[in-house]
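Computed from heavy atoms alone, side chains included, the values below leave out hydrogens, waters and symmetry copies. Each chain gets a letter, A, B and so on, in the order its sequence line appears, and its residues count up from 1.
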Amino acid sequence: MSPAISIRDLSKTYESGFQALRSVTLDIAPGEIFALLGSNGAGKTTLIGIACGILNASSGTVAIEGHDTVSDYRAARSRVGLVPQELTTDAFETVWATVSFSRGLFGRPRNPALIERVLRDLSLWDKRDAKILTLSGGMKRRVLIAKALSHEPTILFLDEPTAGVDVELRRDMWRLVRDLRERGVTVVLTTHYIEEAEEMADRVGVIRGGELILVEEKTRLMHRLGGKKLTLQLQEPLREVPAGLASERLSLSADGRELVYSYDAQAERPGITRLLDGLLAAGIGFADLRTEQSTLEDIFVAVVHGDDAR
Amino acid sequence: MNLHAIAAIYLFEMARTGRTLLQSVVSPVLSTALYFVVFGSAIGSRMAEVEGVSYGAFLVPGLIMLSLLTQSISNASFAIYFPKFVGTIFEHLSAPVSGFEITFSYVAAAATKSLILGLIILATSWFFVPVRIDHPGFMVLFLVLTCVTFSLFGFIIGIWADGFEKLQIVPLLVVTPLTFLGGSFYSIDMLPPFWRSVSLLNPVLYLVSGFRWSFYGLADVGVGLSLAMTAAFLLLDIAVVAWIFRTGYRLKK
Ligand SMILES: Nc1ncnc2c1ncn2[C@@H]1O[C@H](COP(=O)(O)OP(=O)(O)OP(=O)(O)O)[C@@H](O)[C@H]1O
Ligand SMILES: [Mg+2]
């Protein structure tokens with residue numbers, strides 16, 4: 001199947017001379033949920049802005065379902081919904097008016113039943129006649145989502161949809177994304193909450209300094225980079241790892257009270273039995289033990305801050 | 001052509017006009033009425049007739065032009081500047097609409113508003129002075145052309161402006177002086193020859209002159225020339241807008 005979004009050698013240098021994107025190439029498959037991760041200023045919003053036609057690219061191309069976003073912008077843009085990072089809404093319009101306006105702007109005929117469904121889905125129905133300036137921040141974000149969904153896009157960009165929203169709205173958002181996936185909508189979202197990517201995304205891309213430094217399926221990524229850790233709390237502090245057990249996977253904490261063993265849970269022989277046998281044989285007793293699964297967050301931190309990724 | 005988008009923007013703008021009806025209609029009507037009271041009645045009674053037309057009636061076309069020009073510019077410039085200022089312009093830029101469609105709908109809305117305003121002022125003037133319209137067809141033509149041309153001009157200012165001062169500066173420093181010196185309140189025949197020649201460099205003169213001709217058959221310059229100058233200014237506006245959308249000037253970074 002041809003990609004829903006196809007980005008080729010995309011670079012962006014702002015007028016100030018700052019280069020925000022460096023030759024980004026990325027394909028996103030139809031129906032995929034793609035999470036774009038990156039620190040503040042990494043270039044996520046810039047990438048989305050170019051894909052949606054808000055910013056001009058310096059070089060490179062973006063195609064939406066095969067339609068170039070510059071030469072064939074009508075076909076490209078009519079398929080795309082955008083929920084921007086900033087809460088930019090009209091103030092004096094009613095919720096109903098502003099959402100209906102968006103539908104018209106994207107060239108769709110009036111459809112009150114659909115607008116009603118969108119507003120109900122987002123728990124905005126009761127607020128349909130309220131002026132936007134009377135809404136709370138979280139509701140304004142829902143209004144922006146409703147606007148983006150009003151014209152039935154097949155591709156939705158969510159730029160930090162859960163920044164500054166409460167737990168409930170966050171769960172709602174996750175549910176919404178799952179619903180959209182069921183309807184076959186492709187979703188690209190950016191977020192700083194990595195558990196969110198872990199929760200929702202099929203694939204994860206990490207952008208650093210305008211460069212896409214990693215794109216991988218979430219499960220494979222977590223498998224590859226995310227091992228498990230077994231921590232043993234020793235009864236008596238050790239000065240060094242016992243000679244017979246020494247391996248690169250085993251390390252001793254600075255105070256000598258904890259042995260940390262890293263292993264891959266999926267491996268055929270994680271080596272835990274051998275470790276415990278070894279400890280027993282050496283007469284090392286332990287008071288407690290715990291295991292931890294490294295999260296996407298650990299992986300993210302390692303990738304973004306580690307130099308090995310470059 | 002994205003007709004739904006044109007309708008959406010146009011209706012959005014007209015709804016906004018509806019909400020601000022008081023300030024957008026009442027204040028120009030009030031100021032025009034004051035002009036009639038001060039210039040028409042108080043001073044005008046001491047002024048001679050201008051080529052058989054009472055001074056009060058002579059003022060009507062010029063005053064309408066004065067309001068049309070300033071209102072068209074301020075309506076259209078504000079309409080496009082505001083979404084830029086608060087950021088909601090992102091939606092227009094991300095929508096499948098062309099520059100032409102955006103311009104057309106904003107300008108049509110601003111021009112409609114000015115047109116309504118012009119007609120209201122015309123109706124108001126009927127209460128104060130004996131107005132006569134010799135060439136109604138031309139009157140409407142000049143009215144519409146002026147509304148469209150200056151709404152388009154205002155639209156350009158709104159895109160160019162990156163602050164509220166700039167939004168004010170052109171109407172204040174350029175348009176108002178040109179209107180006052182463009183024969184709104186007098187026939188340039190009343191001026192010494194030198195100033196008469198200088199006045200001919202003022203584009204607004206041609207508008208006022210043509211418009212007044214459609215009322216009373218009085219003109220400082222030929223009506224054909226008036227029409228040609230208005231059309232030329234309109235074409236210039238269109239060329240500038242076309243360039244703006246081709247380059248993304250001040251709209252896209
Ligand atoms: N209009 C602009 N002119 C100059 N530089 C800009 C402009 N907009 C953004 N930048 C710079 O481009 C870089 C990328 O910005 P961008 O908004 O894409 O980051 P981001 O990944 O979305 O960050 P955040 O997580 O904070 O939203 C930043 O360093 C920013 O300062
Ligand atoms: Mg951002």
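Using non-hydrogen atoms only and a strict 4.5 Å limit, the part of residues 94-108 of chain A facing chain B consists of A:Phe101, A:Ser102, A:Gly104, A:Leu105, A:Phe106, A:Gly107, A:Arg108. Contacts from residues 111-129 of chain A to chain B, taken as heavy-atom pairs separated by less than 4.5 Å, involve no residues at all. Residue-level contacts of residues 42-74 of chain A with chain B, in order of numbering, are A:Cys52, A:Gly53, A:Ile54, A:Leu55, A:Asn56, A:Tyr73, A:Arg74; threshold 4.5 Å between heavy atoms. Using non-hydrogen atoms only and a strict 4.5 Å limit, the part of residues 133-162 of chain A facing chain B consists of A:Leu144, A:Lys147.
With a 4.5 Å cut-off on non-hydrogen atoms, B:Arg16 does not touch chain A at all. Heavy-atom distances place no part of B:Ser105 under 4.5 Å from chain A, backbone and side chain included. Interface residue A:Ser78: backbone and side-chain heavy atoms are both found under 4.5 Å from chain B.
Within 6.0 Å of the CZ atom in A:Phe92, the count of heavy atoms belonging to other residues, nucleotides or ligands does not exceed 12. Remark: B:Phe185 CZ is packed, more than 12 non-hydrogen atoms of other residues, nucleotides or ligands lying under 6.0 Å away.
Of all the heavy atoms in B:Val86 and A:Thr88, the pair that sits closest is O-CG2, 3.3 Å.
Once rounded to the nearest 0.5 Å, the distance linking CD of A:Glu86 with CZ of B:Phe90 reads 10.5 Å. Atoms NZ and CZ, from A:Lys131 and B:Arg19 in turn, are 7.0 Å apart once rounded to the nearest 0.5 Å.
Highest contact tally toward chain A, considering only B:Ala8, B:Ala7, B:Ala95, is held by B:Ala95 [criterion: heavy-atom pairs under 4.5 Å].
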